[in-house]
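Each ligand, and each atom within it, is numbered from 1 in the order the structure gives.
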Amino acid sequence: MNKVALITGGTRGIGKQIAITLAESGYDIALNYRTENEELNETKKEIENLNVKCFAVKGDVSSFEECEKFVKEVIEEYGQIDVLVNNAGITKDTLIARMKKEDFESVINVNLVGTFNVTKNVVPFMMKAHNGRIINISSVVGVSGNAGQSNYSASKAGIIGFTKSLAKELGSRNILVNAVAPGFIETQMTAVLKDETKDDIAKSIPLRRMGNTKDVANVVKFLSSDDSSYITGQVINVDGGMLM
Ligand code: NAD
């Protein structure tokens, strides 16, 4: 029987590449999405072409009830969740002077509370199985901070604290919890940046380029595998050396 990986926000960008990379490694995939669209159908098709199962589950991670429902659906379908990747995330960048309360709250609710909502519902099944990997997608700005991203940086810093605390709580249950902190990765999230800004960013990175989704997905694959069985509570930067 294949191992099962649940990826939140898995229909595009980094989440999609994580789903495909784990599917290539033989995992059956549970793909969480928020809205049904062509991206979902495309991703599902690409995963199924890799000869593994892809079960798509709808749900907004910022709603505890919806997470409870879709985690239950995954368990009913597959009977287990071996790997959880908390990937769903949003940005609402602006300086504090212009930031509305809702801009702060919505980013915290999706990125940080969403990570709690899904994890809280998955952990009981991992505890019962005495087995599990949880990989939370943070960001380098959760460590360094970034002007114009106080909401996003706070949510990603929160994810790091959450990761380390759970690693301590769940280690004795053979559940390993790590965070991956990408730098600047080429996705729709960063497509909004001007070319000039992207060039400036690339110049400031030791490897002189933005990352791609595979750079991140390969680290998630490693953290899901037996090769990383003595690693927990860590934050792995995937940033071309940007933050050091
Ligand atoms: P993206 O915008 O392309 O993808 C985000 C995904 O999350 C989308 O599929 C979206 O539908 C989903 N999502 C958003 N809100 C959701 C919700 N409430 N419920 C369920 N799904 C939801 O962005 P991306 O660049 O692929 O980012 C993926 C993750 O990586 C995010 O957590 C992001 O913060 C993080 N990250 C990205 C970068 C980067 O440079 N792109 C850098 C550091 C961290």
Quick one: pull up [atom1] in [X] and [atom2] in [Y] and give me the separation to the nearest 0.5 Å.
{"X": "Glu169", "Y": "Ile175", "atom1": "CD", "atom2": "CD1", "value": "10.0 Å"}
{"X": "Asn117", "Y": "Leu112", "atom1": "CG", "atom2": "CG", "value": "9.5 Å"}
{"X": "Gln17", "Y": "Asn212", "atom1": "CD", "atom2": "CG", "value": "8.0 Å"}
{"X": "Met126", "Y": "Gln80", "atom1": "CE", "atom2": "CD", "value": "10.0 Å"}

Which segment of [X] sits under 4.0 Å of ligand 1 when only heavy atoms are counted:
{"X": "Thr187", "result": "side chain"}
{"X": "Ile90", "result": "side chain"}
{"X": "Asn87", "result": "both"}
{"X": "Asn32", "result": "side chain"}
{"X": "Thr190", "result": "side chain"}

Provide, to 0.1 Å, the distance between atom 26 (O) of ligand 1 and the closest protein heavy atom, together with that atom's residue and name.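 Result for atom 26 (O) of ligand 1: Ile14 N, 2.8 Å.
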What protein heavy atom sits nearest atom 13 (N) of ligand 1, and how far off is it?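 Heavy-atom neighbour on the protein nearest atom 13 (N) of ligand 1: Ala88 CB, 3.9 Å.
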Taking [Y]'s backbone N and O only, do any of them form a donor-acceptor pair with [X]'s side chain (distance below 3.5 Å, no angle check)?
{"X": "Ser228", "Y": "Leu223", "answer": "yes"}
{"X": "Asp82", "Y": "Gly132", "answer": "no"}
{"X": "Thr21", "Y": "Ile18", "answer": "no"}
{"X": "Asn87", "Y": "Gly9", "answer": "yes"}

Might you confirm whether atom NZ of Lys58 has over 12 heavy atoms from other residues, nucleotides or ligands at distances under 6.0 Å?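 It does: Lys58 NZ has more than 12 such atoms within range.
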Is atom NZ of Lys198 surrounded by more than 12 heavy atoms (other residues, nucleotides or ligands) closer than 6.0 Å?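 Yes - once you tally the heavy atoms of other residues, nucleotides and ligands closer than 6.0 Å, there are more than 12.
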For ligand 1, which atoms sit closer than 4.0 Å to a heavy atom of [X]?
{"X": "Thr11", "answer": "9 (O)"}
{"X": "Ile137", "answer": "29 (C), 30 (O), 35 (C)"}
{"X": "Ser139", "answer": "43 (C), 44 (C)"}
{"X": "Asp60", "answer": "17 (C), 18 (N), 19 (N)"}
{"X": "Phe184", "answer": "40 (O)"}
{"X": "Ile185", "answer": "39 (C), 40 (O), 41 (N)"}

Is the closest heavy atom of [X] to ligand 1 under 4.0 Å?
{"X": "Gly59", "result": "yes"}
{"X": "Gly10", "result": "no"}
{"X": "Thr8", "result": "no"}
{"X": "Gly183", "result": "yes"}
{"X": "Tyr152", "result": "yes"}
{"X": "Glu186", "result": "no"}

salt_bridge(Glu68, Lys72) N-O dist < 4.0 Å: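 Here Glu68 does not pair with Lys72 in a salt bridge, since their nearest N and O are not under 4.0 Å apart.
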Under a 4.0 Å N-O cut-off, is there an ion pair linking Lys16 with Glu42?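 Looking at Lys16 and Glu42, the cut-off is not met.
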Where do Thr115 and Asn136 land on the side-chain hydrogen bond (donor to acceptor under 3.5 Å, both in side chains) test, with the steps shown first? CA-CA 8 Å; Thr115 296; Asn136 298 321; 5.2 Å; no
Within the structure, does [X] bring an N/O atom to less than 3.5 angstrom of an N/O atom in ligand 1?
{"X": "Val61", "answer": "yes"}
{"X": "Gly15", "answer": "no"}
{"X": "Lys156", "answer": "yes"}

Could you check whether any side-chain heavy atom of Tyr152 comes within less than 4.5 Å of a side-chain heavy atom of Thr91, counting everything from C-beta outward?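 Tyr152 reaches Thr91 side chain to side chain.
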Among [options], closest by any non-hydrogen atom to [atom]:
{"atom": "atom 44 (C) of ligand 1", "options": "Gly89, Gly142, Gly211, Ser138", "answer": "Ser138"}
{"atom": "atom 16 (C) of ligand 1", "options": "Lys58, Arg34, Lys16", "answer": "Arg34"}
{"atom": "atom 43 (C) of ligand 1", "options": "Pro182, Ala191, Gly9", "answer": "Pro182"}
{"atom": "atom 3 (O) of ligand 1", "options": "Met210, Arg12, Gln188", "answer": "Arg12"}

After noting the C-alpha distance and the side-chain angles of Lys156 and Asn111, does the key distance pass the side chain to side chain contact (heavy atoms under 4.5 Å, CB included) rule? CA-CA 7 Å; Lys156 295 298 186 179; Asn111 299 4; 4.0 Å; yes
